[in-house]
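Dropping a structure here in structure tokens format, bear with me for questions.
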Amino acid sequence: MSTVNEKQEGSLVPELLKHMKSGSKSGISSCLERLKNEPNCYKQFTRDAGLGILVNLLRFHNLRILNMTLSILANACINSDAREKVKGSKIASRVVSIIKHIKLENALHCRACRLIGNLSECNWHAKSLCEAGVVQALVALLKLDTNMQTYLMGVRAIRNIWSMHEGSREEIIESGVIFRITGLLVLAKEKSERNPKYLELIETCLKAMCAFLVTVDPRVREQMRGEKDVQGYKCIVQCCDINNKMAIKCLYNLCQVAECRPILGNFGAVESLIALVRDHSELSKETLVSLCLFCREAVNRAKIRIGSGLELMLSLLKDPDNEKYHPMLLHALAQFVYDDLSIAIMVKNGLLDILVTRLKKMVIETIDEEEINVSRKRSNDSPPSKQSEFKFNKTSAGRFSLDYYRDDWSPGSASSVSFSPPSTPPLPFYDSIENDENTEDNYSPVCSDIELMDNEDEPQEEVESLKSCKSITINVEVSQDLDKGNKSNDCDYTNDWTLVLLSRLSHSNDPIDKLADPTIIEALSTYIKCAKNQRASRILTRITRNGAYLIPLLKQGFVFEAQTLYGSEHYTRQLCALAETGGAIGELTSILLRGEEAHKLVIAVSIPFLIRSRYILKSLLNNYGGLRLIFHVLSDQQHSLYENAIWSICQLASTLEIQPDIVEKCQITDTTSTDFPRVYDNHPKPATVTFELDDGTTVDACRQTLCQKSDAFSAMLEGNFSESGKKRVKLRNTSKESLNTLLLAANGATFENRTIESLLDAVLLADKFLMADISEILTESSISRLNYKNFSRAWNWARLNSCHELKSCCVKSFLTASMTKSERVQAFHGFSTTGSFHEFLDEVREIINNVLCQR
């Protein structure tokens, strides 16, 4: 039985050919019925190359046969195999001929359009159909008053031809069919309110319009405006209101063009997008990007502000789950920098918290980037040929924002497509945050906003330059791979927009609540330390320049942090200028007298960094107790301000121009040529004398050298004293270290490794034994070797030996010597570990007071 069936199926091709030759309409219809209703028969028919026969049937002058043939071919050409089998046939010219010459059969038109649409899934067939005149035929058909199914198939056919064959686009645009499809969309939208079956036509028209919008040709957008009152745009927005995905994509493409956005905004696009973003748990990239694009014009920014769009964008920025959208959102908010009402709303709804979070991430990114750069330098594996292999440009990453159709746009250019310049520069490469199938809709990276605040001291010039700047291309060299470069680019842009917003806040004449809070200042200071970013530094300078922030900054100890920052002199200069004004002096005085204890202490320790006037210093430190508070902190090593107080008292000494006591120094010469009396030139031979010290140790010395250098030793060893002529002599109150140091100096030897105590003891011995020249040499060496490691030891030695001048010199040298903060703290710690620390503090206080109270 199966053999019979196979035989019957296999005989359908010759049977159909026989009926075609005889002109039997009933026979042909019977064969076609079997092909439609028997899948196995159809499969065998295609294997026997029967599709070519069906193509020939398209010439048959019988509507029923044509109808069935078109239906079978349309079903077959859904598959690429079938489209390949009819390739090279005359199917294109014949199906176009059906549309052109059969006027009354709507079903035939519908099936012919369906066949055209399926064939057009292949580029070759789309081209053949265009050459056969399909565009004009479809345009004429769509202009007729026909049924909805024909409209559906005709619009789909146009869309597929447009998408698969770029050569057809000029003809399609010139034919005006886009204008007709827009009209069908408007008609379907009106009727869909009463009849839901028109929803399918709406969807089909929107899909076609999405396909048309891949081009930058302004004629496409012009035709989509519709017949009157821009009904096409209005209809797209209305479809967005019901969350139609295709309508949202159309809006996404349209609003990338500057002149389209005001029109769309007038039809409620802004409000619709805000509602879509707010009411749907899963964010759509097209929806969010479109909303960000509407931030470009002042008229739409006002709608966003009124419609609570700013609050919505800020809430998205606070959500870490939406981090991939944060770059575009930050840039959108940056468009509001000249809108005071919007800035106030953003500040009220947590903009500063968002910027703090961004600054902290910027610090991490900077540190990571530095580590990567260090690693690359160490490895040095990258071949030179790959150093500039990848670049972003307008051909590799997508297309520009259509805010500027041409790069040579100017307000007076007759060839300019834009009717008016946008109020802000083109938007950036949003789609780098996410890859999807719509790569042709992407921007290239454009970011002229990164220069928004470069001229920080001339805000008006910034406004003008911002309004007139043109679209630019950023070429970014990537040394390793494209993905890393893309990520780095996004980070750079996001960092710039973060700083743009923060810069705008710092420009405000009225104080911004919390702008000078520790969280902001600490984050900004940390970023400046890591990145050495000049714009961030200027932002901080402007904050310090605003008198409203002075006291909050001082209370958090910013003056100490400022000393450690890149460009510290700028911050200190601004703080000093403010601090010496009458109002600031009054506030400082009030805090010192009536403030909280913690605030009193931090203000007192800050004053030496802020005030240069000796009169004001005397008033704040002496009259109002600031100096007492500083010394209170200095006496408590566990206090959080302890190290800053050390720094502060030294800064005060520098401001008061305290100088160490001048020590007269002799000219260092070769000691062997010193002009001593030659009384003992006839001494028989150099002899060695051994000195016995109190602790029982001995030191050997050259008798002749000692006698030549010292009258005291000369009298002792060669005069009429009992020690004269003895080989062993006892010396009282002398240490071995000091005597060895003295002997080294007397012999002209070096003594770099001697301790400061041994040098000073040697000075005393030199004075004791009347060795004036040696004493001067040792004194000079002792003073020159004072440093943070031995200030306290030298001071303690001077105290024990009642050397008041040296003692004072040690204190003043500590106060004024050039040292790092850590060295100064180490030196102070040396004083604090002695048993006479309070005596040291009293001496410092006395030195400061003596100068401070001078008229």
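Everything numeric in this text was worked out from a predicted model, so none of it was measured. Hydrogens, waters and symmetry mates are skipped; everything else that's a heavy atom, side chains included, is used.
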Item checked: Y549 (side chain) donor-acceptor with I512 (main chain) under 3.5 angstrom -> yes
Notebook entry, point to check: Of all heavy-atom pairs between A523 and V363, which one has the smallest distance, and what is that distance?
Noted result: O-CG2, 4.4 Å
Check: Just by distance, with hydrogens left out, do R504 and H507 show a side-chain donor and acceptor under 3.5 Å apart?
Finding: no
Margin query: If I compare all heavy atoms of L578 with all of T581, which pair ends up nearest, and what's the gap?
Written below: O-OG1, 2.6 Å
Next item on the list: Under the side chain to side chain contact (heavy atoms under 4.5 Å, CB included) rule, what do L627 and L620 come out as? Steps first, then yes or no, please.
Entry: CA-CA 8 Å; L627 196 60; L620 293 174; over 6 Å; no
Check: For E839, which residues count as a salt bridge (charged side-chain N to carboxylate O under 4.0 Å, His left out) partner, sequence neighbours excluded?
Finding: K807
Item checked: Stepwise side chain to side chain contact (heavy atoms under 4.5 Å, CB included) check, H326 with T494 -> CA-CA 8 Å; H326 288 181; T494 308; 5.7 Å; no
Check: Do F840 and F831 have ring centres separated by under 6.0 Å?
Finding: yes
Notebook entry, point to check: Given the rule in the side-chain hydrogen bond (donor to acceptor under 3.5 Å, both in side chains) test, do R535 and S503 qualify, once you have shown the distances and angles that lead to the verdict?
Noted result: CA-CA 8 Å; R535 175 178 295 161; S503 179; over 6 Å; no
Margin query: Taking the side chain as everything from C-beta on, heavy atoms only, tell me whether L806 gets closer than 4.5 Å to L760.
Written below: yes
Check: Taking the side chain as C-beta and beyond, is there a heavy-atom pair between K529 and E561 under 4.5 Å?
Finding: yes
Check: Is any side-chain N of the basic residue among E757 and R793 closer than 4.0 Å to the acidic one's carboxylate O?
Finding: yes
Checklist line | Pair I607-L617, side chain to side chain contact (heavy atoms under 4.5 Å, CB included): steps then yes or no | finding: CA-CA 8 Å; I607 285 172; L617 282 173; 3.8 Å; yes
Item checked: Check: I528 and K532 side chains under 4.5 Å, non-hydrogen atoms -> no
Margin query: For Y642, give me all partners under ring-ring contact (aromatic ring centres under 6.0 Å, His included), at least two apart in sequence or on another chain.
Written below: F828
Notebook entry, point to check: About how many Å separate CG of L764 and CG of L759, when rounded to the nearest 0.5 Å?
Noted result: 11.5 Å
Item checked: Sub-4.5 Å side-chain heavy-atom contact between L621 and I630 -> yes
Note to self: Restricting to non-hydrogen atoms, name the atom on P608 and the atom on R612 that form the minimum distance, rounded to 0.1 Å.
What the structure shows: O-NH1, 3.5 Å
Next item on the list: Before giving the answer on salt bridge (charged side-chain N to carboxylate O under 4.0 Å, His left out), spell out for K348 and D513 the whole-Å C-alpha distance, their side-chain angles and the decisive distance to 0.1 Å.
Entry: CA-CA 9 Å; K348 182 180 178 181; D513 188 32; over 6 Å; no
Checklist line | Check: K618 main-chain N/O paired with N622 side-chain donor or acceptor under 3.5 Å | finding: no
Notebook entry, point to check: Within the side chain of S758, is there an N or O that forms a donor-acceptor pair under 3.5 Å with the backbone of R754?
Noted result: no
Item checked: salt bridge (charged side-chain N to carboxylate O under 4.0 Å, His left out) partners for K600, two or more places apart -> none
Checklist line | Chi angles and distances behind the salt bridge (charged side-chain N to carboxylate O under 4.0 Å, His left out) call for E323, K361 | finding: CA-CA 12 Å; E323 187 171 2; K361 288 182 179 178; 3.1 Å; yes
Checklist line | Donor-acceptor contact present, side-chain D517 to main-chain T519, <3.5 Å | finding: no
Notebook entry, point to check: R785 and S781: side-chain donor and acceptor closer than 3.5 Å?
Noted result: yes
Check: Quick one: are T834 and R799 in side-chain contact, heavy atoms under 4.5 Å?
Finding: no
Check: Do NZ/NE/NH1/NH2 and the carboxylate oxygens of K812 and E843 come within less than 4.0 Å?
Finding: no
Checklist line | Check: F609 ring centre within less than 6.0 Å of W647 ring centre | finding: yes
Next item on the list: Starting at CD1 of I585, measure out to CD1 of I616 and round the result to the nearest 0.5 Å.
Entry: 4.5 Å
Checklist line | Main-chain N/O of L505 paired with S508 side-chain donor or acceptor, under 3.5 Å | finding: no
Next item on the list: Could you list the residues that satisfy salt bridge (charged side-chain N to carboxylate O under 4.0 Å, His left out) with E823, not counting sequence neighbours?
Entry: none
Next item on the list: Step by step, work out the side chain to side chain contact (heavy atoms under 4.5 Å, CB included) result for L786 and F814.
Entry: CA-CA 9 Å; L786 288 176; F814 159 73; over 6 Å; no
Item checked: Residues N495 and R358: side-chain donor-acceptor under 3.5 angstrom -> yes
Notebook entry, point to check: Can you tell me how far the SG atom of C530 sits from the CG atom of L359, to the nearest 0.5 Å?
Noted result: 11.0 Å
Item checked: Heavy-atom side-chain contact between T572 and V559 under 4.5 Å -> no
Next item on the list: Please check if any side-chain donor atom of T820 sits under 3.5 Å from a side-chain acceptor atom of S822, or the reverse.
Entry: yes
Notebook entry, point to check: Between N796 and S792, is there a donor-acceptor pair closer than 3.5 Å when you use the side chain of the first and the backbone of the second?
Noted result: no
Checklist line | Contact summary for L588 and L554, nearest pair of heavy atoms | finding: CD2-CD1, 3.8 Å
Checklist line | Note, V633 side chain near N644 side chain (heavy atom, < 4.5 Å) | finding: no
Margin query: With a 3.5 Å distance limit and no angle check, can you tell me whether S808 reaches the backbone of E805 through a side-chain donor-acceptor pair?
Written below: no
Item checked: Taking every non-hydrogen atom, the tightest pair across T655 and I611 -> CG2-O, 3.8 Å
Next item on the list: Taking the side chain as every heavy atom from C-beta outward, state whether S654 and T816 have any atom pair closer than 4.5 Å.
Entry: no
Notebook entry, point to check: When rounded to the nearest 0.5 angstrom, what is the spacing between OG in S818 and CG in N787?
Noted result: 12.5 Å
Margin query: Looking at S782 and L778, would you say the former's side chain and the latter's main chain have a donor-acceptor pair under 3.5 Å?
Written below: yes
Next item on the list: Kindly give the heavy-atom pair with the smallest separation between F837 and L634, and that separation in Å.
Entry: CZ-O, 3.7 Å
Notebook entry, point to check: Is it true that a side-chain atom of N533 and a backbone atom of A536 form a donor plus acceptor pair closer than 3.5 Å?
Noted result: yes
Check: Quick one: does T366's side chain have a donor or acceptor within less than 3.5 Å of a partner on M362's backbone?
Finding: yes
Checklist line | Gap between atom CD1 of I543 and atom CD1 of I539 - 0.5 Å precision | finding: 7.5 Å
Checklist line | Pair D353 + K514, salt bridge at N-O below 4.0 Å | finding: no
Checklist line | Partners meeting salt bridge (charged side-chain N to carboxylate O under 4.0 Å, His left out) with R824 (sequence neighbours left out) | finding: none
Note to self: Test side-chain hydrogen bond (donor to acceptor under 3.5 Å, both in side chains) on R573 and T544; report intermediate values, then the result.
What the structure shows: CA-CA 9 Å; R573 185 166 59 247; T544 60; over 6 Å; no
Note to self: To the nearest 0.5 Å, what is the distance between OG on S525 and CG on L565?
What the structure shows: 5.0 Å
Next item on the list: Would you please name every residue forming a ring-ring contact (aromatic ring centres under 6.0 Å, His included) with F558, sequence neighbours left out?
Entry: none
